[in-house]
Amino acid sequence: MEIIAAFAVGLIALCLIGKLVALPMKLLWKMITNSIVGALVLWVVNIFGAGVEITFLKALIAGVLGVPGVIIVLLMK
């Protein structure tokens with residue numbers, strides 16, 4: 001009976017650790033995908049003649065903030 005209880009406690013601890021590790025990875029993945037989307041939006045804006053240099057920071061701003069971020073980047077130019 002003690003082995004089953006120890007197994008259950010270990011399994012619960014493993015699940016909690018997995019949740020704690022997955023949360024930052026989920027946030028990191030979201031930031032990366034948002035940065036890629038932001039870079040694509042800036043690229044499309046550049047096609048229409050805005051002339052903004054696309055850097056990782058500008059793509060991150062546009063990705064995190066969305067359309068207002070693109071406007072901020074355009075105003076920073």
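Counting from 1, the numbers follow the sequence of the chain as shown. Just so you know, these numbers use all the heavy atoms, side chains as well, and skip hydrogens, waters and symmetry mates.
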For this session: Find out whether Val52 and Val45 are in side-chain contact, i.e. whether some heavy atom of one side chain is under 4.5 Å from a heavy atom of the other.
Result: no
Problem set entry | Residue pair Val44 / Leu40, side-chain heavy-atom distance below 4.5 Å | no
Exercise. Taking the hydrophobic residues Ile, Leu, Val, Met, Phe, Trp and Tyr, and joining any pair whose side-chain heavy atoms are under 4.5 Å apart, which ones share a cluster with Ile12?
Worked result: Leu16
Let me have the donor-acceptor pairs involving side chains of residues 59-66, under 3.5 Å, with sequence neighbours excluded, atom names and distances please.
none

Problem set entry | Residue that, paired with Val70, satisfies side-chain contact (heavy atoms from CB on, under 4.5 Å) out of Leu74, Val73, Ile72 | Leu74
Problem set entry | Joint cluster assignment, Leu27 & Ile36, ILVMFWY side-chain distance < 4.5 Å | no
Exercise. Which value, rounded to the nearest 0.5 Å, describes the distance between Ile47 atom CD1 and Leu42 atom CG?
Worked result: 11.5 Å
For this session: Determine the minimum heavy-atom distance between Glu53 and Lys58, stating which atoms define it.
Result: O-CD, 3.2 Å
